[in-house]
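The figures that follow rest on heavy atoms only: side chains count, while hydrogens, waters and symmetry mates do not. Per chain, numbering begins at 1; letters A, B, ... match sequence-line order.
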Amino acid sequence: MNHTASPSPRPIRSESRLEQTLRSGRFAVTAELNAPDSADPQGVYRNALVLSKCCHAINATDGAGANCHMSSISCCALLTRAGYETVLQVNCRDRNRIAIQGDLLGAAAMGVRNVLCITGDDVSVGDQPEAKRVFDMDSVHLLRTASTMRDTGVFLSGRPIKTPPRLFLGAVAGPCTPPYDWRPERLAKKVEAGADFVQTQFCFNVERFRAYMGQVRQLGLHERVFILIGVGPLRSERAAEYMRTKIPGVWIPDDIVARMARAPRSQQREEGIRICVEIIEQVREIEGVHGVHVMAYRQEEAVAEIIERAGLLPIDGFEAGGCAPDDVHSPR
Amino acid sequence: MPDPAYMAEARRLPCSEWIKDHPRPLESLYRLTKQGVVRVYPLIKRISPRIAERLMAWGEVILKGWIFNCQMCGQCILHSTGMTCPMNCPKKLRNGPCGGVRHDNHCEVIAEMPCVWAQAWERSHSMRYYGDDMRILQPPVNHALQSMSAWANMVEGRDTDVPAGWDSAEGDEGADG
C-alpha cells in the first residue's frame with residue numbers, strides 16, 4: 001500500500017469525506033456517474049448505488065462531451081439528499097461568472113463539499129454545435145473565484161458572503177496532452193489558484209504519466225495537492241477507436257488498441273478491464289499518486305470489478321455511502 | 001465541426017506567422033510602442049479624448065490585427081503570452097491550454113489551426129524579457145472593454161483594473177499592462 005504523507009500543510013478546508021480520506025493517507029477512489037437523459041431520479045439512484053460501495057466519492061458530470069444530460073448540480077442535489085458523498089463538476093462552457101458563483105453557494109447549501117473546476121469540452125464536439133460557448137472565465141479563474149469565496153468570504157466583485165461555502169476544490173490535469181513540458185507548470189498555476197485535489201484525464205500511457213509525475217515532484221506540487229489518476233475500462237476495440245478519435249484530450253497508445261483488437265469480440269470487455277487494473281497497479285507505485293478516478297462510460301457495474309481486482313477493496317473509512325433508493329422520498 | 005472560414009479566430013494574414021515566430025524583435029517593438037503611446041496619447045487626448053481613443057483603436061486594428069489577428073479585447077497581455085494573442089483561442093482562455101489539444105499540437109475546435117497556447121509556449125522560450133510572464137495568473141477578462149483601444153486603456157489604467165474579490169485572495173501577482 002502506498003501510504004504517502006498528507007500533502008498541503010494548509011488547514012482542513014471542508015467537511016468533505018473525500019478530503020478526510022485523502023488527509024488520512026488512504027488511497028482514494030472516486031468514480032464518475034453518468035447523468036441520465038431522463039427526468040426520472042431513479043436512474044441517478046440506480047447508478048449511484050452500484051458505485052457507492054467501491055468509491056469514496058461520486059463525480060456528477062456536467063454536460064460531458066458537450067452533450068445535454070441531467071445537470072451536475074441536480075444529480076448532486078438528489079445524491080446529497082440521500083447521503084452520498086459527491087463531487088460537483090462545474091464547467092466554464094455553459095455559464096458565466098454570475099451563474100457559477102450562485103451555483104457554488106447553492107451546492108454548498110445542499111451539502112455538496114467537493115467541486116471540480118473544469119474548462120469544458122467545446123460545443124463543437126457535442127450534438128448541438130450551433131450553441132453559444134460562454135467561457136466567461138477559464139478553469140484557473142474559476143478555481144481562484146471559488147477559493148476566494150471560501151477563504152475570504154467575498155464574491156469576485158468583493159461583496160461579502162454571509163456564510164461562505166466550505167468546499168474542497170478540485171482541478172483537472174492532462175498529463176498525456178501536449179504541450180507536455182508545460183502541463184506541470186499549468187498544474188502549478190491551478191495549485192496557486194487554489195486547487196486542493198486533482199483528477200486527471202484518462203491515463204493509458206503509463207510511461208508518459210511517469211515522466212509527468214517526475215516534473216510534478218520537481219516542482220514540489222505532490223506535496224501541495226492530492227493527485228488522483230484518471231483510469232477507465234475500454235469496452236471494445238471500437239470503443240477505444242472512438243474514444244481516441246472523438247473525445248478531446250484522450251490518448252490511447254497503439255499497443256493498447258492492438259491488444260484490444262487481438263482479443264476475440266466476446267473477450268474484449270474482459271480485456272479492457274484487465275488493462276485498466278494493470279494501469280492502476282502500475283500508477284499507484286508512483287510517488288505522489290494519492291488515488292484513482294474511475295471513468296466508466298455506461299458501465300458502472302465494471303467499476304466494482306476493477307476496484308476489487310486492483311486490491312482496493314474494502315473502501316475503508318468513508319465510502320461514498322448513502323441509502324437505498326427506496327428510502328428516498330421523492331417530492332411530489 | 002464548424003467551418004474554420006467562418007471563425008474570426010482562424011484568420012491568419014500573410015507573413016504574420018513568420019513574424020510571431022521571431023518574438024525578440026516584437027518584444028522591442030512592444031517596448032517602443034508602449035513608450036510612444038504613453039507620450040503621444042495624452043497629447044492627442046488634450047485635443048479630443050474621443051479622437052485619441054479612435055486613433056489608438058485604428059492603429060491596433062491595423063497593426064495588431066495584421067500580425068496577431070487581434071480580437072480587440074481592450075486589455076492586451078500579448079507580451080505575457082509568448083507574443084501570441086490568447087483571444088485567438090476559441091475558448092478565450094487566458095491562463096494556458098485546455099485539455100483538448102490534439103497530438104499534432106492543433107486546436108480541439110479548429111483542427112486546421114495550431115493551438116494558440118502551444119505556439120505561445122514555444123515562442124516564449126526564445127523571448128528575452130517577458131518569457132517567464134507565462135507563469136503569471138491572469139485575471140478574468142473585463143468584457144466591458146471589448147472593442148476599446150488597449151493602448152488607451154493602458155494609459156488610463158483601465159486594463160489592470162481587476163475585480164475587488166480577485167485581489168483579496170492570497171499570493172496575488174497582478175498582470176502588467
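- Within the 3.5 Å criterion, the main-chain N or O of A/Asp122 finds a donor-acceptor partner in the side chain of B/Glu108.
- For B/His125, the part lying under 4.5 angstrom from a heavy atom of chain A is the side chain only.
- Residue A/Arg93: no heavy atom, backbone or side chain, is found under 4.5 Å from chain B.
- Interface remark: A/Thr119 contributes side-chain atoms only to the contact with chain B (heavy atom separation under 4.5 Å).
- In terms of heavy-atom pairs under 4.5 Å with chain A, the best-connected choice from B/Pro163, B/Ala118, B/Pro90, B/Cys115 is B/Pro163.
- With a threshold of 4.5 angstrom between heavy atoms, A/Val154 approaches chain B through side-chain atoms but not through N, CA, C or O.
- If you measure heavy-atom distances from A/Cys176 to chain B, the contacts under 4.5 Å come from the backbone alone.
- Below 30°, between 30° and 60°, or above 60°: for B/Trp121 and A/Trp182 the angle between ring planes is below 30°, a parallel geometry.
- Considering CG of B/Asn95 and CG of A/Leu142, their distance stands at 12.0 Å, rounded to 0.5 Å.
- Of all heavy-atom pairs between A/Pro178 and B/Asn105, the closest is CB-OD1, 3.2 Å.
- With A/His141 contributing its side chain and B/Pro139 its backbone, the two residues share a donor-acceptor pair below 3.5 Å.
- Taking the side chain as every heavy atom from C-beta outward, A/Thr148 and B/Trp166 never approach each other to under 4.5 Å.
- Contact count against chain A (heavy-atom pairs under 4.5 Å) is highest for B/Pro97 among B/Pro97, B/Gly99, B/Gly96.
- The candidate from A/Val134, A/Ile118, A/Thr145, A/Asp121 with the greatest count of non-hydrogen atom pairs under 4.5 Å with chain B is A/Asp121.
- Of the listed residues (A/Val140, A/Ile247, A/Val250), the greatest number of heavy-atom pairs within a distance under 4.5 Å of chain B belongs to A/Val140.
- Here A/Arg186 contributes atom CZ and B/Met134 contributes atom CE; the two are 10.5 Å apart, rounded to the nearest 0.5 Å.
- For A/Ile98, the CD1 atom counts as loosely surrounded, since its 6.0 Å shell holds 12 or fewer non-hydrogen atoms of other residues, nucleotides or ligands.
- Judged by distance alone, the side chain of B/Lys91 and the main-chain N or O of A/Asp138 form no donor-acceptor pair under 3.5 Å.
- Among all heavy-atom pairs drawn from B/Gly100 and A/Pro248, the shortest one is CA-CB, 3.9 Å.
- Taken to the nearest 0.5 Å, the CZ atom of B/Arg135 stands 9.5 Å off from the NZ atom of A/Lys189.
- Counting heavy-atom pairs closer than 4.5 Å to chain B, the top residue among A/Ala173, A/Ser139, A/Ala188, A/Gly158 is A/Gly158.
- The closest side-chain heavy-atom distance from A/Leu156 to B/Pro140 is below 4.5 Å.
- Heavy-atom pairs under 4.5 Å with chain B were tallied for A/Arg183, A/Arg159, A/Arg97, A/Gln201; the largest tally goes to A/Arg183.
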